[in-house]
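Each chain gets a letter, A, B and so on, in the order its sequence line appears, and its residues count up from 1.
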There are 2 protein chains.
Amino acid sequence: MAARPPLYRHVKQQITDALRSGKWKHGQKIASEPQLAERFGVSIGTVRKAVGELEAENILVREQGRGTFVVSHTRDYMLNVFFRVVDSDGHKELPTMSLLSMKRGRADGTTAALLHIAPRAPVIDIEALLSLKGRPTILDRIRLPVSLFAELGEHLFKRRDGTLYGLFQERFGITIVRVEENITAVIAGERDSRLLGVANGSPLLRIRRVGYTYKNVPVDARVRLVDSSKHGYLSVLGSGS
Amino acid sequence: MAARPPLYRHVKQQITDALRSGKWKHGQKIASEPQLAERFGVSIGTVRKAVGELEAENILVREQGRGTFVVSHTRDYMLNVFFRVVDSDGHKELPTMSLLSMKRGRADGTTAALLHIAPRAPVIDIEALLSLKGRPTILDRIRLPVSLFAELGEHLFKRRDGTLYGLFQERFGITIVRVEENITAVIAGERDSRLLGVANGSPLLRIRRVGYTYKNVPVDARVRLVDSSKHGYLSVLGSGS
DNA sequence: TAGTGGTCTAGACCACGTG
DNA sequence: ACGTGGTCTAGACCACTAC
């Protein structure tokens with residue numbers, strides 16, 4: 001008795017597949033609504049419902065009079081969607097990244113489970129220090145599966161003004177559509193406190209993040225330590241009117 | 001040249017006003033879509049768009065074949081919408097509350113600013129210890145404006161199996177539709193560590209929460225300390241497919 | 001069976017951006 | 001002027017719930 005899925009779900013799925021296959025790339029305009037309606041043999045209203053859901057999921061953006069576009073992980077976009085660290089006035093600002101190290105290694109059990117890869121599968125292991133207002137504030141340890149990012153090299157970071165997820169999108173065609181963050185409080189270790197410029201034994205936010213692309217495929221796993229003495233992590237729930 | 005707002009916004013506004021005025025109370029069924037369409041002199045499609053937005057904002061819930069209802073702050077609802085503390089397996093469970101103290105006082109500057117009330121305006125000052133799996137995990141210090149909760153007394157907590165926001169809704173007709181939480185890491189003070197049963201100097205999550213009802217009116221301000229040694233704060237961003 | 005919300009259609013008109 | 005997305009309408013039919 002499997003309930004028949006509504007038509008617009010099917011349309012949405014076809015659009016998502018087209019995005020995944022690279023038919024339309026980030027920042028590009030997709031087909032207009034009348035064109036999509038004709039291609040899929042449905043009415044415009046049905047197309048609009050499908051596109052509307054994809055827009056609500058931060059995958060497409062509609063612009064009246066111009067068209068519908070695949071979201072691009074610009075700095076502004078990252079700031080609004082994925083970055084939640086604010087200063088004491090509630091203002092947000094993207095950090096500047098400084099690469100500490102980058103090497104190949106093998107996934108430990110936890111990382112393998114998070115990334116849905118085999119234990120000891122090859123990963124890229126990155127450490128980076130992120131600064132806000134010139135002050136080191138965030139220490140990232142990032143693990144990426146080599147299977148997806150084989151050609152990732154240090155040189156790609158040197159000349160970058162964008163974000164890591166922007167790099168994923170531009171160079172590897174991988175769009176992060178959702179991240180899950182699990183936050184706990186920890187005491188800064190000796191090395192962490194030195195890098196972040198805080199007293200040994202200071203409290204830090206420890207954020208375990210997993211980033212997912214389409215179809216809930218995990219792509220990046222990171223552990224992020226945040227000096228929250230001058231910043232906070234902002235979470236908004238419910239979004240009422 | 002003020003752009004004319006679309007019709008469905010007007011309809012949405014009228015529905016929100018009716019909710020605020022108490023015409024339909026939590027858990028009750030509101031008028032059917034054809035009835036609303038006739039009352040407001042618009043087509044059903046326009047009503048559906050308005051109701052759809054209110055549903056997306058967690059203010060109404062539609063149930064096929066039954067009707068559209070005002071959300072009720074049941075335990076399940078709270079768990080899914082406003083409670084973000086999970087155990088190490090990622091499971092959620094609502095805490096049991098134990099009231100530590102409740103007294104009248106006056107708002108300090110920070111609290112007054114958060115609640116949009118005058119400095120030194122009268123507030124109710126509550127301390128409560130919340131336990132997960134029988135283990136004290138969260139220490140809440142809550143400030144409520146007396147202007148909204150004049151009749152709040154300790155007896156209302158004694159016989160309670162619901163949540164604080166459920167109490168707001170049932171006894172005071174106030175529905176929280178959005179909360180903002182600002183999270184930092186702190187070191188447990190002497191009293192905090194004793195109440196939470198952790199070692200002095202342990203790291204804790206410090207969550208500054210403000211709860212809002214319709215029209216962005218702040219209603220409750222609290223500072224929440226969480227023992228994150230066995231739990232974490234879960235945040236999901238982007239919600240892609 | 002009657003009433004509810006959910007889907008889908010077809011078409012008119014509006015608001016906006018581009019050439 | 002044209003094409004885009006945005007709004008609004010009217011009506012048909014489906015899926016589900018209650019009685």
**Student:** In whole Å, I'd like the distance from the CD atom of E63(A) to the C1' atom of dG3(D).
**Tutor:** 15 Å
**Student:** Whole Å only: how far is the CG atom of L54(A) from the C1' atom of dG5(D)?
**Tutor:** 16 Å
**Student:** Just the rounded figure in Å: distance from P of dT4(D) to CD1 of I30(A).
**Tutor:** 12 Å
**Student:** Any Lys/Arg nitrogen of E53(B) or R9(B) sitting under 4.0 Å from an Asp/Glu carboxylate oxygen of the other?
**Tutor:** yes
**Student:** Suppose we screen for side chain to side chain donor-acceptor pair (under 3.5 Å). Which residues come up paired with R39(B), at least two apart in sequence or across chains?
**Tutor:** none
**Student:** Reckon Y8(A) has a side-chain N or O less than 4.0 Å from the OP1 or OP2 of dT7(C)?
**Tutor:** yes
**Student:** Take the protein atom CZ of F69(A) and the nucleotide atom C1' of dT18(C), then report the distance between them rounded to whole Å.
**Tutor:** 11 Å
**Student:** Restricting to pairs with a member in residues 22-33 of chain A, which pass salt bridge (charged side-chain N to carboxylate O under 4.0 Å, His left out), not counting sequence neighbours?
**Tutor:** E33(A)-R48(A), E33(A)-R62(A)
**Student:** Can you tell me if the side-chain N/O atoms of K49(A) get under 4.0 Å from OP1 or OP2 in dT7(C)?
**Tutor:** yes
**Student:** How would you list, by chain and number, every residue that makes a ring-ring contact (aromatic ring centres under 6.0 Å, His included) with F149(A), sequence neighbours excluded?
**Tutor:** F168(A), F172(A)
**Student:** What is the distance, to the nearest angstrom, from the CD atom on E33(B) to the C1' atom on dT9(D)?
**Tutor:** 15 Å
**Student:** Looking at dG6(C), I'd like to know if its phosphate oxygens (OP1 or OP2) sit under 4.0 Å from a side-chain N or O belonging to R48(B).
**Tutor:** yes
**Student:** Return the value, rounded to whole Å, for the distance between atom NZ of K29(A) and atom P of dT18(C).
**Tutor:** 10 Å
**Student:** Does T110(B) have any side chain to side chain contact (heavy atoms under 4.5 Å, CB included) partners at least two apart in sequence or in another chain, and if so, which?
**Tutor:** D108(B), L114(B), R208(B)
**Student:** Look at S32(B) and dG3(C) and indicate whether a side-chain polar atom (N or O) is within less than 4.0 Å of OP1 or OP2.
**Tutor:** no
**Student:** Please report the distance, rounded to the nearest Å, between CG in L7(B) and C1' in dA15(C).
**Tutor:** 15 Å
**Student:** Does any residue of residues 34-46 of chain B have a heavy atom under 4.0 Å from DNA chain C, and if so, which ones, in number order?
**Tutor:** P34(B)
**Student:** Using only atom types and a distance under 3.5 Å, with no angle test, would you say the side chain of T137(B) pairs donor to acceptor with the backbone of R135(B)?
**Tutor:** yes
**Student:** Which of the following nucleotides, dC16(C), dG5(C), dT7(D), is nearest to the side chain of Q64(A)?
**Tutor:** dC16(C)
**Student:** Respond yes when some side-chain nitrogen or oxygen of R66(B) is under 4.0 Å from OP1 or OP2 of dA18(D), and no when none is.
**Tutor:** yes
**Student:** Tell me which donor-acceptor pairs under 3.5 Å the side chains of residues 81-91 of chain A have, and how far apart each pair is, sequence neighbours excluded?
**Tutor:**
| from | atom 1 | to | atom 2 | distance (Å) |
| --- | --- | --- | --- | --- |
| D87(A) | OD1 | D89(A) | N | 2.8 |
| D87(A) | OD1 | G90(A) | N | 3.2 |
| D87(A) | OD1 | H91(A) | N | 3.0 |
| D87(A) | OD2 | K133(A) | NZ | 3.0 |

**Student:** Quickly work out the H10(A) NE2 to dG6(C) P distance and round it to whole Å.
**Tutor:** 23 Å
